[in-house]
Chemist: 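One structure, as structure tokens, below. Some questions next.
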Amino acid sequence: MLHCDDDDLALIALGEQADEQDRAHLASCARCRSRLDELTATVATVRSIGPDDVPVSPPAAVWAAISDELGLGSPADASETTSVAPAVDLAAERERRRPTRVRIWAAAGAAAVVGVLAGVVATAAVLSAPSTGEVVASAQLAPIDGSGLAGSATVSRDGDAKVLTVDVPDLPAQSDAYYEVWMATPDTSTMVAIGTLNPGETGRFTLPAGMDASAFPVVDVSVEHFDGDAGHSATSVARGTLGA
Amino acid sequence: MHTDVPTAIAASRPRGDRRVGDEDDVAVRFAAGDEHALAQAYERTSRLVHGAALRATGNAADAADITQSVYVSAWRGRAGFDPQRGSLTAWLMSITRRRIADHWEERSREVRRTVAVAQTTPASPVEESTAESTVDRVLLADELARLGDPQKRILELAFFQDLTHTQIASVLDLPLGTVKSHIRRSLEQLRRRLEVDGAAL
């Protein structure tokens, strides 16, 4: 017996008409029917998603309380363990617009530890290869949401320092906004502000000495407004992930 | 130009593999009692747990309590988690469902006590199913946000504009087969996010 095509089941789950053959088969095949039921339930759930159904980072105190209740962390690694929680989260950021860059940096330091723990190692190996001047990682920056703005980013060595070079050729000048370059953890839960990118220029940024660049492989270019808010605006124009 | 930030991330990495690999590693170490793995699991999943708890209770303090209790009981009950059988995230989300349902049960018990009208309200099956779907909706909202284009655009048209795949192909000027296979793969990916771990604490 030939089962329903998976493509067709997905379309039927979304509400498209089943053709005669699929209808006949579904009437007699429990396996295909149960697959269809699962997909239909998934579709129904997606269609019921409301604006408040979003992931939200818990306050930092929650991790502290967990850690406390479980008595986590020997003195040696307590700082690593407890540093996990305060990572800046963009969704929460949009709601609460965190005020200071200092705070983002603090979280970034914490997340660097997490990033390494989390095994963001592929780029780590690349980024830590010691060889001055040469490009150690690069990324194509792809347009976000049809911005049409693509570009490239590289990390190269300059003595002991690492330099991020970002080029987005067609960046349009805006009178009431500017562009900011960020480096982020793979899930973008934590972003570090790297510097301002001016239209028509190639941005060249020396990364902070203490920053573990490998923990922040995502390069993001955002539109920022002159509003005194140092957090990410959540409006990105291009993004890519550094790799070898 | 506005975007949910995780969007392009999914687009720019080979779908799933690396993340799944990392997740497996964390799950195995979690089961083995590695505290760092708990911290990592928290880092990755607490937005989902807390988001669902917040949505379900509408109360920051209650949500924080639920989130705390999910990870505390997960850690204490890690012997009951089998990385071979399902993902750590699915297990944690199952615990979250349970904790949200517990919360409601306790609430309705309190209400019954204070109102002192001990009639009706058997352990509120309606609310429990809402607890289920709250978690599911947050999980799927997160997964949708991770989709890159053109998958995201295709699904938006299919889910929320009710376009057929033929219409979508013509709107986005994509081959019919491409649209069909994107729909199938994305929907399958969403469905997998809803897989539950029945052994939740």
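Chain letters run A, B, ... following the sequence lines, proteins first and then strands; every chain starts at 1.
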Chemist: Counting only heavy atoms closer than 4.5 Å, note whether A:E69 contacts chain B via side chain, backbone, both or neither.
Modeler: both

Chemist: Does the distance from a Lys or Arg side-chain N to an Asp or Glu carboxylate O, for A:D5 and B:R184, drop under 4.0 Å?
Modeler: no

Chemist: In sequence, state the C-alpha distance, the side-chain angles, and the governing distance for B:Q151 and B:Q189, and then conclude on side-chain contact (heavy atoms from CB on, under 4.5 Å).
Modeler: CA-CA 11 Å; B:Q151 290 90 332; B:Q189 192 176 315; over 6 Å; no

Chemist: Between B:L140 and chain A, with a heavy-atom cut-off of 4.5 Å, which part of the residue counts as in contact: side chain, backbone, both or neither?
Modeler: both

Chemist: Less than 4.5 Å to any heavy atom of chain A: does that hold for the side chain of B:L38, its backbone, both, or neither?
Modeler: both

Chemist: Please state whether the side chain, the backbone, both or neither of A:A238 comes within less than 4.5 Å of a heavy atom of chain B.
Modeler: neither

Chemist: For the pair B:F30 and B:W91, name the ring-plane relationship: parallel under 30°, tilted 30 to 60°, perpendicular over 60°.
Modeler: perpendicular

Chemist: Closer than 4.0 angstrom, basic N to acidic O: yes or no for B:D149 and B:K152?
Modeler: no

Chemist: Looking at chain A, which one of B:L194, B:T164, B:T67 has the largest number of heavy-atom pairs inside 4.5 Å, strictly under?
Modeler: B:T164

Chemist: Measuring heavy-atom distances to chain A, does B:L190 have an atom under 4.5 Å in its side chain, in its backbone, in both, or in neither?
Modeler: both

Chemist: Heavy atoms only, distances under 4.5 angstrom: which of B:G177, B:S186, B:A141, B:S69 has the most pairs with chain A? Name it, please.
Modeler: B:A141

Chemist: Give me each pair satisfying side-chain hydrogen bond (donor to acceptor under 3.5 Å, both in side chains) with a member in residues 43-53 of chain A, each pair once, sequence neighbours excluded.
Modeler: A:R47-B:D162, A:D53-B:R55, A:D53-B:R137

Chemist: Could you tell me if the ring centre of A:W63 sits under 6.0 Å from that of B:Y71?
Modeler: no

